[in-house]
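Here is how names work: the chains are called A, B, and so on, in the same order as the sequence lines, proteins then strands, and each is numbered from 1.
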Amino acid sequence: MDVPLAHLDRPFDYLVPAALDEQAVPGTRVKVRFAGQLVDGWLLERVASSDHPRLAYLEKVVSPEPVLSPEVSRLARAVADRYAGSLADVLRLAVPPRHARVEKEARPDGAEPPAPNAPNAPPASTASAAPPAPDASTAPESGAELPEQRRPPAEPGPDGWRDYPAGPAYLRALTDGRAPRAVWSALAGEDWAVRYAEAVAATVAGGRGAVVVVADNRDLDRLDAAVGAALGPGRHVCLSAALGPARRYRAFLAARRGDVPVVIGTRAAMFAPVERLGLVAIWDDGDDLHAEPRAPYPHARDVLLTRAQLTEAGVLVGGYARTAEAQLLLETGWAREVVADRATVRARTPAIAPVGDDPQLARDPGAATARLPSLAWTAAREALRADLPVLVQVPRRGYLPSVSCAQCRTPARCAHCAGPLALPSASAPPACRWCGRVAAAYACPECGGRRLRAAVTGARRTAEELGRAFPGVSVRTSGRDEVLDGVPGGAGLVIATPGAEPVAEGGYGAVLLLDSWALLTRADLRAGEEALRRWLSAAALARPAGAGGRVVVVADGALAPVQALLRWDAGWFAARELAERRELGFPPAVRMASVTGLPAAVADLLDEARLPDGAEVLGPVPADGERERMLVRVPRARAAALAGALHAAAGARSARKAADPVRLQVDPLDLF
DNA sequence: TCAATCCGTATC
DNA sequence: ATACGGATTGAC
């Protein structure tokens, strides 16, 4: 029933009139009379009888297309249960809006509607709830099937995976129809899209299908090209919200009808129906674009893991970085690590150096305004001299307001390195965007003014400043407005915001990671993890040290995320991060849920909820406006009970028509 | 004792 | 939302 009320989150039985018998196939959209109104619904199942005494008739079958596959139906129920949400909400995310014209077009042989699954069912239809599925990430019982031992080099399969001792066996398991589950740490310079395409091709070679989710459309384009090359034309579709309604529904239908075995896409693809699912994969699961912003706010990684658990499909969770959640999969034995050995890591990684406490600065003789910490400056200059491109990573426009003198508007500059000053937050003192030093008592060199005003410095402005530091060098920017996919191999500066770094032909000669302090000092549980993720993604685009690739990160080399970057060891950092979260009682070591709304409504819901034993209620903390937020924390073993209790409480509230809405979020990304 | 009304609950 | 049943109330 496509109604948002939590207390109606269950199936209802209807009679199927003889005239609709043929069309009324499980998975179709239907209309039924409910509480006197005509409402949309889903035909979940056809059965012979019902316990309900007085059944109404199905009003209409909206379309004969069984868009909701049995697998996705079960998945959606499991996801709703995990996230304390309603099936209807999840189905809205799982099945794109119908596009009638698209549905009619291109049926190869015309009128043939999809075959009904239950041709002999009597004219009664009932739907019963799918059994609650186990939470994938709390269910370590079934082990992954990766052999531990190294493989001799005579393995079949693409060469790229041979850099990872467990790689070839992983691909073979996919082809053999097994369900290997891997957490993959990509080497610097790795063509991840091609590796994913190979995993997909291995799965398809074994007669099964695959779903791959990436964070944004740029990653999708890259994966699209790689998968197209690996599978040949017409074997996969891309699914993303950016397609627009018609193309999105067309891609969805192609998958649902079994025309293609593979769906790749952004998080809109996480529920894509694929027959005989053999692999679910996600690239860069730490990217917050993987978190769905609509209720019940499921995360693509967790949807895919749940899916793998329900269908016995293989799993590939990969990235240059590793999340604490992925680390948990390893530590519970649910998945196996696929990593290169240290010698290979060393051979592939650029030379990475921190520059933080070193006050040594080199002045650029040509440009008086812009000076970088010496090491960064030298690395950039040498790369350019060797006719290699240089990447500079800076935060997004508006993310870091830089400042100028309130009186005369002169941009405020660092007393030590002349880098631009910026305000990490409204309350913090300004600090240098290049060397990180805090400018506690700033005085304007022009007018002596001591007050500062915020101004926005984006990648473009940074590009101008750096361009002046390296006269005669071409400067490009890649950011929100205009994202570059790639740049040619010769000398040139590329200024990019995190996630928009273009790939350079042959790799960058130098990668400079600026504003690191701003990433690290964010009041966020994931600040360290996120900083490392962004650095690794940018640093991965540099040439190996042996080929002249250098990375300079402007940060204190003693900090853990910096250490992890220097050693190219995402696993080490993730293990440390997870251990710390265990100690502090933070996700994913525990399960958290947040309850947000007007104070009275939040209190009402928590009052109503029969929280499981050991539940800890934390808060309240102010949310936006009048609203406040409470957190509930339980051990992972009680995760399902917590979600159930919260959903039930929301149901009780909606049943008595409580006015003020309350937002429930399980595993919210932002915790503070 | 019965009917009008109120309130809470289910909605196939 | 709306319809229904059971409880409640008020008038005969």
Calculate the interatomic distance between [X] atom [atom1] and [N] atom [atom2]; express it in whole Å.
{"X": "A/His7", "N": "B/dC12", "atom1": "NE2", "atom2": "P", "value": "12 Å"}
{"X": "A/Tyr14", "N": "B/dC12", "atom1": "OH", "atom2": "P", "value": "5 Å"}
{"X": "A/Leu55", "N": "B/dT11", "atom1": "CG", "atom2": "P", "value": "11 Å"}
{"X": "A/Asp40", "N": "B/dT11", "atom1": "CG", "atom2": "P", "value": "20 Å"}
{"X": "A/Gln37", "N": "B/dC12", "atom1": "CD", "atom2": "P", "value": "11 Å"}
{"X": "A/Leu8", "N": "B/dC12", "atom1": "CG", "atom2": "P", "value": "10 Å"}
{"X": "A/Arg653", "N": "B/dA10", "atom1": "CZ", "atom2": "P", "value": "18 Å"}
{"X": "A/Arg54", "N": "B/dC12", "atom1": "CZ", "atom2": "P", "value": "9 Å"}

Heavy-atom pair of closest approach, residues [X] and [Y]:
{"X": "A/Leu93", "Y": "A/Arg248", "value": "O-NH2, 4.1 Å"}
{"X": "A/Glu325", "Y": "A/Arg526", "value": "OE2-NH2, 3.5 Å"}
{"X": "A/Ala313", "Y": "A/Leu277", "value": "CB-O, 3.7 Å"}

Report summary line: Interatomic distance, CH2@A/Trp42 vs CG@A/Asp2, rounded to 0.5 Å, equals 7.5 Å
Query raised in the report: Can you find an N or O donor on one side and an acceptor on the other, under 3.5 Å apart, linking the side chain of A/His52 with the base of B/dT11?
Result: no
Query raised in the report: Is it true that A/Glu59 and A/Lys31 make a salt bridge, defined as a side-chain N closer than 4.0 Å to a carboxylate O?
Result: no
Query raised in the report: Would A/Arg257 and A/Asp259 pass as an ion pair if we require N to O under 4.0 Å?
Result: no
Report task. Just call it for A/Arg656: base, sugar-phosphate, or nothing, with non-hydrogen atoms closer than 4.0 Å on any strand. Result -> nothing
Query raised in the report: Are OP1 or OP2 of B/dT11 and a side-chain N or O of A/Arg10 less than 4.0 angstrom apart?
Result: yes
Report summary line: Those residues at least two apart in sequence (or on a different chain) that pass side chain to side chain donor-acceptor pair (under 3.5 Å) with A/Asp607 are none
Query raised in the report: Of all nucleotides in DNA chain C with an atom under 4.0 Å from a non-hydrogen atom of chain A, which is the first and which the last going 5' to 3'?
Result: C/dA1 to C/dT2
